[in-house]
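Working notes, structure below.
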Protein chains: 2
Amino acid sequence: MKPPRPPLGPPKARFVSASDVARLAGVSRSAVSRAFTPGAQVSEQARARILAAAEELGYRVNRLARTLHQERSDLVGVVGGNFSNPYISAQLDALSKALHARRLQCLLMNSACGVAEDLKRLLDYRVRTVVLLSGAVPDTLIRLCAQNGARMVLINRPRPPEGARADLILAGNARGGRLAAERLAQAGCRNVAVVISGSRTSAKLERAEAFCSEMSLRGMPVTRWADGPNSYETGVEAARSLLREPGLDGIFGVTDEIALGVLNTARFELGLRVPEDLSVIGFDDAPISGWSSHALTTVSQSLADLTRATMEAIALPPEAAPMLYEVPVRLVERGSVRAPLSPGTD
Amino acid sequence: MKPPRPPLGPPKARFVSASDVARLAGVSRSAVSRAFTPGAQVSEQARARILAAAEELGYRVNRLARTLHQERSDLVGVVGGNFSNPYISAQLDALSKALHARRLQCLLMNSACGVAEDLKRLLDYRVRTVVLLSGAVPDTLIRLCAQNGARMVLINRPRPPEGARADLILAGNARGGRLAAERLAQAGCRNVAVVISGSRTSAKLERAEAFCSEMSLRGMPVTRWADGPNSYETGVEAARSLLREPGLDGIFGVTDEIALGVLNTARFELGLRVPEDLSVIGFDDAPISGWSSHALTTVSQSLADLTRATMEAIALPPEAAPMLYEVPVRLVERGSVRAPLSPGTD
DNA sequence: GGCAACGCTGCACAGCTGTGCAGCCCGGCA
DNA sequence: TGCCGGGCTGCACAGCTGTGCAGCGTTGCC
């Protein structure tokens, strides 16, 4: 049995509640609640007294308790696998700003360390929406969200099984893969490779597949390298292995981070000239790809578009039909692919 | 007046509650609560029925409601200014993993878009601790945390005013600044500059001050550049301005991101050779600084140490005395500073 | 002066969970 | 058979907020 809380005692490692404020202001607790509810009926004089007392005590409305009443909470669960990845972190930065602007709160979870089971913990906090930036999509989580009326937004994730409702936001992965292939072909490459991570996310697979089929249309075989996580080191390993013997003259990294690993290893470890000896092309257009130290030619998926679409999905009411949005892609020409041989060839 | 919830109706955009589970399992709501409380008294048979019902409905304990009862919540507020910054994002990645391992949840806030007032919103969610990775520390927030028994962890932030309790985790900023100065002096630099961002965070100022005073001990004047945010572009601008006229032979960027902007601009835009014509040294040791495209010599503050200390502070009980920890720094030698002239000079 | 209307206030309940306490049932023992 | 103890169970309350409703006082109008 806890002792009753001392009236107006010193703050003792405990959050200030509306009752504390009511006691100090000499009103009922309801009045305190109304003073913090826009449009509620309180006399101007009472409100002033209450706000002064709240200020003095350092009171803040308990949104956890408030959420018990509301239809939906203000919490949005955001799941990502590797926040130090340059594109993921740029996404997170943009998303957290956008959420803030809509007065939503971002509950972050790093899926790198957790099995699927851990993701369910987000639901314990009554998140209104779960946004998946990377990592696998466990079916059980989709089902759980549906049962609890929470929406799910999948960004560049595989399409969920039939009947599972989720908002899908996809980069033009296939189109981007074809763009990359076309560009390497224009550069006169005859012997190309594609580098994928071992964790075969569908988005990356789609990019690789489209690249390969576009190349095979042109009668060019493609060497496939698939191993390791989606990281810079994967690109390094791939370059070491693929470029050990001379011959390759073009590489497509399905992610900028991978492509940068390839690019740097080719240039600084293997002494190849890029783009003269080897053309390298990436996908994402992470901020650092534009740095003059890299000047990576890449397929850009607009971060602004992607964030806007994500916020649209988040704003949807619980029962709205699932949304499908494809982020447009375009080729960003920098310096890591040789200039087209003859401009008109296409 | 809301209509009463239909008994066992289809899930209708609403979170499943313990009552729903109780109804389906044919027990009282208390029994459901006990089934999810380790060590509570429930018969094995009832527990099995309850868990089955919970599984069928997709029930998850509402941690928001549970928090109303508990002494402290599981929520940790994390504030950062720019998550696409390579060092901040590495910090966030490590911190979110560590929090996950301790079963704490990370409530993220991007301070880039918000004034101090917005940070108070974290308290609305009853966070047990607020961690500041970057951005200014409003005094009002410190006071608010103290009044509500929430701890505060400041990472590389200015020491709060007298009487304000907060855990401080500091890199060896002064020591690092001296290390940078010593190293440039060893390289034989005669005319050096330091680049700080305009948002004068104390950590960055300390680094710069120590650098300058160490240089003045050696009779070397230092050009100071201070403008713009803490970003790559700031380094670019600084390099353009500082290196317009020849003469400078060493630059210290108080942040790796700034130093990389300087490095790349010097190399690729201004055609200078680094380190032959210009030595560049940074601070932080962000992952990308080690990439062969940069090979930035820098002062490293160990991310593992920093994260460990942060987690220690977070684990402290509310009433524990403030903690002070200095993260050790060391020079990481790569290729952006000229080799020492004569090894014994020091 | 009397009555109606209106603005403000507090009560009480809902929303969801954890838990002390009393009561129930069942089994064991004399 | 009667009594006691122990294991479960449900009740009721606490924890914090939002809000419908009734009541109170005041004001304005006739």
Side-chain angles (χ1 to χ4, degrees), chain A residues 1-5 12-23 25-50 54 57-75 123-127 148-149, chain B residues 1-5 12-23 25-50 54 57-75 123-127 148-149:
Chain A
M1 185 68 183
K2 286 179 200 167
R5 177 167 203 176
K12 203 186 140 296
R14 201 166 183 176
F15 272 89
V16 179
S17 80
S19 306
D20 298 328
V21 177
R23 222 171 299 145
V27 295
S28 76
R29 199 193 46 72
S30 316
V32 176
S33 177
R34 281 192 258 263
F36 286 93
T37 307
Q41 258 188 344
V42 214
S43 69
E44 208 42 59
Q45 156 192 355
R47 157 171 277 133
R49 267 219 317 284
I50 291 168
L57 294 177
Y59 171 69
R60 300 239 93 206
V61 175
N62 185 340
R63 273 188 133 89
L64 270 36
R66 177 183 269 180
T67 301
L68 292 183
H69 256 279
Q70 284 171 338
E71 282 284 307
R72 304 175 87 184
S73 80
D74 298 328
L75 258 31
L123 275 297
D124 298 359
Y125 295 89
R126 278 10 184 189
V127 293
N148 285 285
Chain B
M1 185 67 185
K2 285 179 199 166
R5 175 167 206 177
K12 203 184 142 297
R14 202 167 185 175
F15 271 87
V16 179
S17 81
S19 306
D20 298 329
V21 177
R23 222 172 298 145
V27 295
S28 76
R29 199 192 46 70
S30 318
V32 177
S33 177
R34 282 192 257 263
F36 285 94
T37 307
Q41 256 188 347
V42 214
S43 69
E44 208 41 59
Q45 156 192 356
R47 158 171 276 133
R49 267 219 317 284
I50 291 168
L57 294 178
Y59 171 70
R60 300 240 93 205
V61 175
N62 185 340
R63 273 188 132 89
L64 270 37
R66 174 183 272 180
T67 300
L68 292 183
H69 257 277
Q70 284 171 338
E71 282 285 307
R72 304 175 87 183
S73 80
D74 299 328
L75 258 32
L123 274 298
D124 298 359
Y125 295 90
R126 278 14 184 185
V127 293
N148 287 284

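Naming convention: chains lettered A, B, ... in sequence-line order (proteins, then strands); numbering from 1 in each chain. Keep in mind that the numbers below use all heavy atoms, side chains included, and drop hydrogens, waters and symmetry copies.
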Pairwise N/O distances under 3.5 Å, protein to nucleotides 7-13 of chain D:
unit_1	atom_1	unit_2	atom_2	d
dT9(D)	OP1	S43(B)	OG	3.1
dT9(D)	OP2	S43(B)	N	3.2
dG10(D)	OP2	S28(B)	N	3.0
dG10(D)	OP2	S28(B)	OG	2.9
dG10(D)	N7	R34(B)	NH2	2.8
dG10(D)	O6	R34(B)	NH2	2.8
dC11(D)	N4	S30(B)	OG	2.9

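Under a 3.5 Å cut-off, the side chain of R49(B) and the backbone N or O of A25(B) do form a donor-acceptor pair.
Look at CG on L68(A): it is 7 Å from P on dC16(C), rounded to the nearest Å. Note: CG (L64(A)) to P (dG18(D)) measures 12 Å, nearest angstrom. Rounded to an integer number of Å, the gap from F36(B) CZ to dT19(C) P is 15 Å. We find that NE2 of H69(B) is positioned 14 Å from P of dT17(D), with the value rounded to whole Å. dT17(D) atom C1' lies 10 Å from atom CZ of R126(B), rounded to whole Å. Rounded to whole Å, atom P of dC16(D) lies 17 Å from atom CZ of R66(B). Going from atom CD of Q70(B) over to atom C1' of dA14(D) covers 14 Å, rounded to whole Å. If you take CZ of R72(A) and P of dG18(D), they are 19 Å apart, rounded to a whole angstrom.
Counting heavy atoms from C-beta outward, L123(B) and F15(A) have side chains that approach closer than 4.5 Å.
Across all their heavy atoms, I50(B) and A35(B) have their closest contact at CG2-CB, 3.7 Å.
Counting non-hydrogen atoms under 4.0 angstrom, T37(A) reaches the backbone sugars and phosphates but no base. At a threshold of 4.0 angstrom between heavy atoms, the contacts of V61(B) are confined to the sugar-phosphate backbone, with no base atom among them.
At dT17(D), one or more side-chain N or O atoms of Y59(A) fall inside 4.0 Å of OP1 or OP2 (strictly under the cut-off).
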Determine, step by step, whether T67(B) and L75(B) satisfy the side-chain contact (heavy atoms from CB on, under 4.5 Å) criterion, reporting the C-alpha distance in whole Å, the side-chain angles of both residues, the deciding distance to 0.1 Å, and the verdict.
CA-CA 10 Å; T67(B) 300; L75(B) 258 32; over 6 Å; no
Apply side-chain contact (heavy atoms from CB on, under 4.5 Å) to residues N62(B) and L68(A) and explain how you reach the verdict.
CA-CA 9 Å; N62(B) 185 340; L68(A) 292 183; 3.8 Å; yes
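Residues passing the salt bridge (Lys or Arg N to Asp or Glu O under 4.0 Å) test with R60(A) are D124(B), sequence neighbours excluded. The ring-ring contact (aromatic ring centres under 6.0 Å, His included) search around Y59(A) returns F36(A), not counting sequence neighbours.
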